[in-house]
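Working notes for the structure below.
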Amino acid sequence: MIDAKIKNLEALKELGVDPYPYTYKVTHHAGDLQKKYEGLTDGEVTEDVVAVAGRIMSNRNSGMFIDLHDATGKIQIFSHKQDVPADVLAQMAYYDIGDLIGVEGIVRRTPRGELTINTKKVTMLGKSIRPLPEKYHGIHDTELKYRKRYLDLIMSTESRDTFRRRSLILASLRKTLIDTGFLEVETPMLHPIPGGTSAKPFLTHHNALDMELYLRIAPELYLKRLIVGGFERIFEIGRNLRNEGISVKHNPEFTALEVYQAFADYTDMMTLFEQLVVNAVKDTHDGATKITYGDRDIEFKGPWPRKTMVELVKDVTGIDFLQITDADAAAKAADKAGVAIQPGSPWGKIVETVFGEKVEHTLIQPMIVTDVPKDVMPLAKVHPENPLLTESFEIYINGWEIGPAFSELNDPFDQKDRFMKQVEAREAGDEEAQHLDMDYVEALEYGMPPTGGLGLGVDRLVMLLTDSHSIRDVIAFPTLRNVTK
RNA sequence: GACUCCGUAGCUCAGCGGUAGAGCAUCUGACUUUUAAUCAGAGGGUCCUGGGUUCGAAUCCCAGCGGGGUCACCA
């Protein structure tokens, strides 16, 4: 199978052709040509000479017709044995499907309506010695698709488009932020104390320092240290790593956006969150705010409705947890509603659990779920009207949490108390309770301005905006078990 | 991690106790304005791995490996 192609490679070398040359001067791309010559009528021939480069994807009539694909699209190459110099034809005899070539020639449209380049000159740019997947069905084997993403990208326009749009989304998020005065910053991936969220970390070791380090589960505490340092508007886009399960919505490493704005609170974050997402939708959907995900339509146009978490729980279950503030009574009420609660859970955890089971999946259109209980938000400011709640919200779209936001807790005394509660929970067996970070508390002791912050799960946003139904379809190289050949 | 489905040619798949199959791709030839080109022919297999049942296993059973899905943890 490979042998035949290697034979062709040897034959090319015999002809004095370098099968792996260094560069090639491309003058045009297939997609641009298709657009430029849209008005060219069937059978019309131009005198325009162009040089294109790409991969041979199809070969008809013994090589007389070649489909060449580049990053922008497809164009047909026509090489008639009467019109093409013998030495060019001789070389082309050893071209295979999968080869990367450059073609110089004139542009025309065939009588059958296909935009075509009449070959004058060809250049081998990269010989392929392996067969491509089946041209019509492409890759169906999900494992092959994820392990050899390059094959998926060669074969699937949908997949290429997904990753192109992923890039557009990242650019859009950056643009929205930079345009409103935010600075992009970078904080460590290696943390001596894992912090900023509740999750199981990966542990690693630094040899020279002979020190245990955790891969970051969130950049939050470092970003807020920068706010203490005087930056007023900052953001970071980067990978978070969590040693947790893998699912259609979870990859051990995933991309998150975190934003912090000094002298702002969670209501400012509501506006900003909406702006970030709506701009990303528009930038990937030709200005439209409505998208289709699977068989449902989602309208992103704001303002998004705002409802408190307990309200939403009440709407669905009839239980008003504001009236049941005793943890044991709340657990009983949850149990009655058919939601199993881990014994010893505090009130806020119970509310969150019931919300997760009963409400979350119903929130298809964008919804701002506000006032998340204090028990599950150890880094957020207490709600001034209810000490059980925080000034916070979570954005839900398509039944998924896209990200949390809150008024950042800047009271070092309260923060230390909250950390101590987390330590207690950890000692009681909650593996994901947060660690005490006294260095962070010390930073707060120097004074942090009132600050609003938000986090956004970029991969999930990309899934939504590319109609992808697995996170592995929006991460080029998702985490898979290693296989040794 | 539990449950469940899947693993056959480079790819997409059929076969599901009795000699290993098709299409695309590859090779040879024909054709030379095709576009999933077409036509004639050829080559190509550790049927994921290892055990077991059986006269006989791709096929049935067990274990393992890899993947998908659901659940659990979580964004």
Side-chain angles (χ1 to χ4, degrees), chain A residues 1-8 42-43 56-68 74-83 96-98 108-116 118 128-148 151-152 154-155 196-201 217-218 239-258 340 342 352-353 356-357 360 376 394-397 400-404 430-432 455-463 469-473 478 480-485:
Chain A
M1 181 54 70
I2 295 177
D3 289 357
K5 298 191 175 210
I6 290 183
K7 253 164 96 182
N8 286 343
D42 293 356
I56 299 176
M57 292 302 287
S58 173
N59 170 338
R60 295 178 291 282
N61 293 54
S62 313
M64 185 165 67
F65 295 99
I66 284 173
D67 283 345
L68 196 71
K74 173 196 122 173
I75 191 148
Q76 180 169 268
I77 306 301
F78 179 79
S79 318
H80 197 283
K81 54 185 174 190
Q82 286 179 347
D83 306 332
D96 291 304
I97 288 176
R108 68 167 174 120
R109 191 174 294 283
T110 65
R112 300 277 187 99
E114 189 73 35
L115 191 70
T116 298
N118 276 6
S128 168
I129 55 165
R130 285 182 185 272
L132 290 177
E134 206 258 358
K135 65 181 165 190
Y136 187 61
H137 299 90
I139 296 179
H140 271 204
D141 183 334
T142 47
E143 184 175 357
L144 184 65
K145 179 165 114 175
Y146 299 143
R147 285 196 196 280
K148 299 183 196 279
L151 288 181
D152 174 43
I154 289 171
M155 301 308 296
T197 188
S198 308
K200 287 189 206 109
I217 53 176
R239 231 68 67 77
N240 289 343
L241 299 111
R242 299 186 187 171
N243 206 338
E244 287 162 354
I246 292 174
S247 82
V248 283
K249 280 193 296 183
H250 301 87
N251 195 63
E253 52 179 310
F254 63 99
T255 301
L257 163 70
E258 286 203 12
Q342 263 202 326
E352 190 198 38
T353 305
E357 295 254 325
E360 195 173 304
V376 294
E394 292 170 343
I395 300 295
Y396 285 83
I397 306 170
W400 307 338
E401 188 191 342
I402 301 299
D430 182 355
E431 268 188 274
E432 293 182 6
L456 188 157
V458 173
D459 307 286
R460 287 189 183 175
L461 183 63
V462 176
M463 283 173 72
H469 294 249
S470 168
I471 198 166
R472 296 181 196 92
D473 293 328
L480 294 180
R481 215 178 278 273
N482 188 35
V483 282
T484 46
K485 277 194 196 167

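The sequence lines fix the lettering, A, B, ..., with proteins before strands; numbering per chain opens at 1. Every heavy atom of this structure was used, including side-chain atoms; hydrogens, water molecules and symmetry mates were not.
Here A:Thr110 lies in heavy-atom contact (under 4.0 Å) with a base. A:Leu456 comes within contact range of no nucleotide atom at all, as no heavy-atom separation falls under 4.0 Å. Here A:Glu432 lies in heavy-atom contact (under 4.0 Å) with sugar-phosphate atoms only. Note on A:Thr116: nothing from the nucleic acid sits closer than 4.0 angstrom, heavy atoms only.
When rounded to the nearest whole Å, the span between CG of A:Leu151 and C1' of B:A25 equals 14 Å. A:Ile97 has its CD1 atom 4 Å from the P atom of B:U26, to the nearest Å. Between A:Leu115 atom CG and B:U33 atom C1' there is a gap of 15 Å when expressed in whole angstrom units. Atom CG in A:Asp67 sits roughly 11 Å away from atom P in B:U35 (whole-Å rounding). Here B:G67 presents its C1' atom at 12 Å from CD1 of A:Ile246, a figure rounded to the nearest Å. With rounding to whole Å, A:Glu114 atom CD is found 13 Å from B:A37 atom C1'. Atoms CD1 (A:Ile129) and P (B:U26) sit 15 Å apart, rounded to a whole Å. One interatomic measurement links the two molecules: CG of A:Asn59 to C1' of B:U33, which rounds to 15 Å at whole-angstrom precision.
Checking side-chain atoms of A:Asp459 against main-chain N and O of A:Thr255 turns up a donor-acceptor pair under 3.5 Å. A:Asp141 places a side-chain N or O within 3.5 Å of a backbone atom of A:Leu144 that can act as its donor or acceptor partner. With hydrogens and angles disregarded, a donor-acceptor distance shorter than 3.5 Å links the side chain of A:Lys5 to the backbone of A:Ile97.
With both pairing distances under 3.5 Å, B:G10 is matched to B:C24 as a Watson-Crick or G-U wobble pair. The partner of B:A2, taking Watson-Crick or G-U wobble pairs whose two distances both stay under 3.5 Å, is B:U70. In this structure B:G18 sits in a base pair with B:C55, meeting the Watson-Crick or G-U test at under 3.5 Å. In a base pair of the Watson-Crick type (N1 to N3 plus N6-O4 or O6-N4) or a G-U wobble (N1-O2 and O6-N3), with each distance short of 3.5 Å, B:G50 is matched with B:C62. Across all strands shown, B:C39 pairs with B:G29; the Watson-Crick or G-U wobble distances both stay below 3.5 Å.
For B:G1 and B:U12, the C1' atoms lie 34 Å apart once the distance is rounded to whole Å. Comparing the same atom, C1', in B:G10 and in B:C47 gives a spacing of 16 Å after rounding to whole Å. With P as the reference atom, B:U26 and B:C11 are 15 Å apart, rounded to whole Å. Across B:G51 and B:A57, the matching P atoms stand 13 Å from one another, rounded to whole Å.
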Could you go over nucleotides 11-15 of chain B and give all protein N or O partners under 3.5 Å, atom names and distances?
from	atom 1	to	atom 2	distance (Å)
B:C11	O2'	A:Glu134	N	2.9
B:C11	O2'	A:Gly138	O	3.4
B:U12	OP1	A:His140	N	2.9
B:U12	OP1	A:Asp141	N	2.9
B:U12	O3'	A:His140	ND1	3.0
B:C13	OP1	A:His140	ND1	2.5

Could you please spell out the steps behind the side chain to side chain contact (heavy atoms under 4.5 Å, CB included) verdict for A:Ile75 and A:Leu115? CA-CA 7 Å; A:Ile75 191 148; A:Leu115 191 70; 3.8 Å; yes

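Between A:Arg60 and B:A36 there is no side-chain polar atom (N or O) within less than 4.0 angstrom of OP1 or OP2. In this structure, A:Arg481 reaches the B:G66 phosphate: one of its side-chain N or O atoms is under 4.0 Å from OP1 or OP2. Phosphate contact (OP1/OP2 of B:U35, side-chain N/O of A:Arg109, threshold under 4.0 Å): absent.
Looking at A:Thr116 and A:Gln76, their side chains do bring a donor and an acceptor atom within 3.5 Å of each other.
Taking 3.5 Å as the limit, the base of B:C31 and the side chain of A:Ser62 contain a donor-acceptor pair of atoms between them.
Relative orientation of the A:His137 and A:His140 rings is perpendicular, given thresholds of 30° and 60° on the angle between their planes.
The only option from A:Ile246, A:Asn251, A:Val462 that meets the side chain to side chain contact (heavy atoms under 4.5 Å, CB included) definition with A:Ile471 turns out to be A:Asn251.
Taking the side chain of A:Glu244 as heavy atoms from C-beta on, and the options B:C27, B:A25, B:C73, the nearest nucleotide is B:C73.
A 6.0 Å sphere centred on CZ of A:Arg147 holds more than 12 heavy atoms belonging to other residues, nucleotides or ligands.
With respect to the salt-bridge test (charged N to carboxylate O, under 4.0 angstrom), the residues A:Glu114 and A:Lys74 qualify.
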